[in-house]
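So the structure is just underneath, and the comments pick up after that.
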2 protein chains.
Amino acid sequence: MNSEFTIAVHSLALLAHIPEHMASSELIAKNVCTNPARIRKIMSILRKNGFVKTKEGIGGGYILACDPNEVTLAEIYRSISNGTLKPHWCSGDPQEACQVSANMHGVMDQIFTEAEMYFTKYLEQITIQTVLDKVRHGCQENSQQ
Amino acid sequence: MNSEFTIAVHSLALLAHIPEHMASSELIAKNVCTNPARIRKIMSILRKNGFVKTKEGIGGGYILACDPNEVTLAEIYRSISNGTLKPHWCSGDPQEACQVSANMHGVMDQIFTEAEMYFTKYLEQITIQTVLDKVRHGCQENSQQ
DNA sequence: GTAACTGTACGAATTATTATTACAGTACTC
DNA sequence: GAGTACTGTAATAATAATTCGTACAGTTAC
């Protein structure tokens with residue numbers, strides 16, 4: 001799994017943090033610590049899935065288009081990183097006579113697919129708002145909000 | 001996550017497939033489709049955790065030292081790949097004034113740690129024997145066993 | 001028309017993963 | 001005890017995945 005899921009969650013939490021405001025890819029990129037092109041790529045997917053609205057041109061950018069209390073990290077994961085829990089490298093060789101070697105690939109595939117379902121079942125419990133509350137709570141001592 | 005967990009599961013299933021026999025790192029490597037040194041590194045960890053016994057010298061190699069019906073993939077995962085579910089790249093910057101940027105790192109860390117618990121909870125349901133049965137079942141048509 | 005933005009693609013840089021090689025240590029066999 | 005076949009481990013090379021940077025066409029506001 002690469003970090004696009006993490007970036008998507010971060011970006012959506014940030015947009016939920018500043019509702020009513022458009023945020024440019026440059027602003028989000030600074031907050032996330034990456035480059036604007038990467039943010040635009042990810043936000044483009046999130047737009048196609050209805051999580052954000054975008055506006056091109058002057059004063060444009062991104063704004064949340066969903067209820068942060070409704071959208072769970074599971075939906076975000078499925079939009080961005082579905083199927084990437086399993087490592088790329090594959091064990092065994094389908095051409096081998098030995099059953100263990102020949103079929104291990106398929107068996108591990110099946111195991112990782114089901115494991116991903118358990119993984120996302122956990123993510124169902126967490127909403128964008130949950131994440132936002134957690135980050136806000138993290139620095140409560142020196143916060144005035 | 002790299003593929004060491006997959007290789008460990010494959011190797012243990014193979015050893016369970018040929019009980020009473022010592023298997024050399026070369027034999028296992030061929031079955032898994034990787035090189036002997038990598039197998040030796042992983043088997044060395046499995047030995048330290050009591051899953052296999054090793055024997056150096058002529059006629060040596062690896063042999064299962066546990067009940068394949070008892071050992072679950074969760075134990076194997078914890079031995080080999082614990083903490084590697086989370087991607088390496090980190091979002092945000094602890095030095096930032098913005099709470100979202102400053103605390104996102106810790107929040108995502110927490111989420112991935114808990115997600116890994118759900119992931120391993122699924123793996124608890126699968127034993128080495130489960131995997132072995134699955135690979136054997138995979139080619140039932142042309143199998144005589 | 002110009003400035004500020006998104007959408008998208010491509011190649012470079014970086015990092016992670018895997019493969020290769022080497023060699024010391026151990027145990028068996030002659 | 002010399003030779004052979006193993007494991008244990010480390011270091012380095014090769015490969016692949018990920019991330020970054022740049023570029024530019026398209027869009028919108030002024």
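Please read these numbers as outputs of a predicted model, since none were measured by experiment. Letters A, B, ... mirror the listed sequences (proteins, then strands); counts begin at 1.
Sequence order on DNA chain D of the closest nucleotides to B:Arg40 and A:Arg38 puts B:Arg40 first from the 5' end. If A:Met1 and A:Gly57 are placed on DNA chain D by their nearest nucleotide, the residue sitting closer to the 5' end is A:Met1. In this structure, B:Asn35 and A:Lys55 both approach DNA chain C, and ranking their closest nucleotides by distance from the 5' end singles out A:Lys55.
An OP1 or OP2 oxygen of C:dA19 is reached within less than 4.0 angstrom by a side-chain nitrogen or oxygen of B:Thr34. The phosphate of C:dT6 has neither OP1 nor OP2 within less than 4.0 Å of any side-chain N or O from A:Ser44. Considering only side-chain N and O atoms, A:Thr54 lies nowhere under 4.0 angstrom from the phosphate OP1 or OP2 of C:dC5. The phosphate of C:dT18 (OP1 or OP2) has a side-chain N or O of B:Ser3 nearer than 4.0 angstrom. Regarding contacts with the backbone of D:dT7, a side-chain N or O of B:Ser25 is found under 4.0 angstrom from either OP1 or OP2.
Using a 4.0 Å heavy-atom distance criterion, B:Lys48 is classed as a sugar-phosphate-only contact. Across all strands shown, A:Asn2 has heavy atoms under 4.0 Å from sugar-phosphate atoms exclusively, and none from any base.
Counting only heavy atoms from C-beta outward, the side chains of A:Leu14 and A:Leu27 approach each other to under 4.5 Å.
Nearest nucleotide to the B:Tyr62 side chain, out of C:dT17, D:dT9, D:dG8: D:dG8. Closest approach to the A:Arg47 side chain among D:dG21, C:dT18, C:dG7 is made by C:dG7 (side chain taken as heavy atoms from C-beta onward). Here C:dT8 is the nucleotide among C:dC5, C:dT8, C:dT21 with the atom lying nearest to any side-chain atom of A:Ala37. Ranking D:dG3, D:dC20, C:dA3 by closeness to the A:Ile58 side chain, first place goes to C:dA3.
The distance between atom CD1 of B:Ile42 and atom P of D:dT7, rounded to the nearest whole Å, is 14 Å. The CZ atom of B:Phe5 sits 16 Å away from the P atom of C:dT17 (whole-angstrom rounding). In this structure, CD of B:Glu56 is placed 8 Å from C1' of D:dC6, rounded to the nearest angstrom. Distance CD (B:Glu4) to C1' (C:dA16): 12 Å, rounded to an integer number of Å. Counting to the nearest Å, the P atom of D:dT4 and the CD atom of B:Glu26 are 17 Å from each other. Regarding A:Met43, its CE atom lies at a distance of 9 Å from the P atom of C:dG7, rounded to whole Å. When the P atom of C:dC5 is taken as reference, atom NZ of A:Lys41 falls 23 Å away, rounded to whole Å. If you measure from atom CE of B:Met22 to atom P of C:dA27, you get 12 Å, rounded to the nearest angstrom.
Sparse packing is recorded around NZ of A:Lys53, with 12 or fewer heavy atoms of other residues, nucleotides or ligands lying under 6.0 Å away.
Contacts with DNA chain D (heavy atom under 4.0 Å) in residues 73-93 of chain A: A:His88, listed by number.
Of all the heavy atoms in A:Met43 and A:Leu15, the pair that sits closest is CE-CD1, 3.6 Å.
Listed by chain and number, the residues in a side-chain contact (heavy atoms from CB on, under 4.5 Å) with A:Ala37 are A:Asn35, A:Arg40 (sequence neighbours excluded). Listed by chain and number, the residues in a side-chain contact (heavy atoms from CB on, under 4.5 Å) with B:Tyr118 are A:Tyr122, A:Gln125 (sequence neighbours excluded).
B:Ile76 and B:Ile63 are members of different hydrophobic clusters when ILVMFWY side chains are connected at heavy-atom separations under 4.5 Å. Following chains of ILVMFWY side-chain contacts shorter than 4.5 Å, one cannot reach A:Val52 starting from A:Met22, and the two form parts of different hydrophobic clusters.
The aromatic ring centres of B:Phe5 and B:Tyr77 sit less than 6.0 Å apart.
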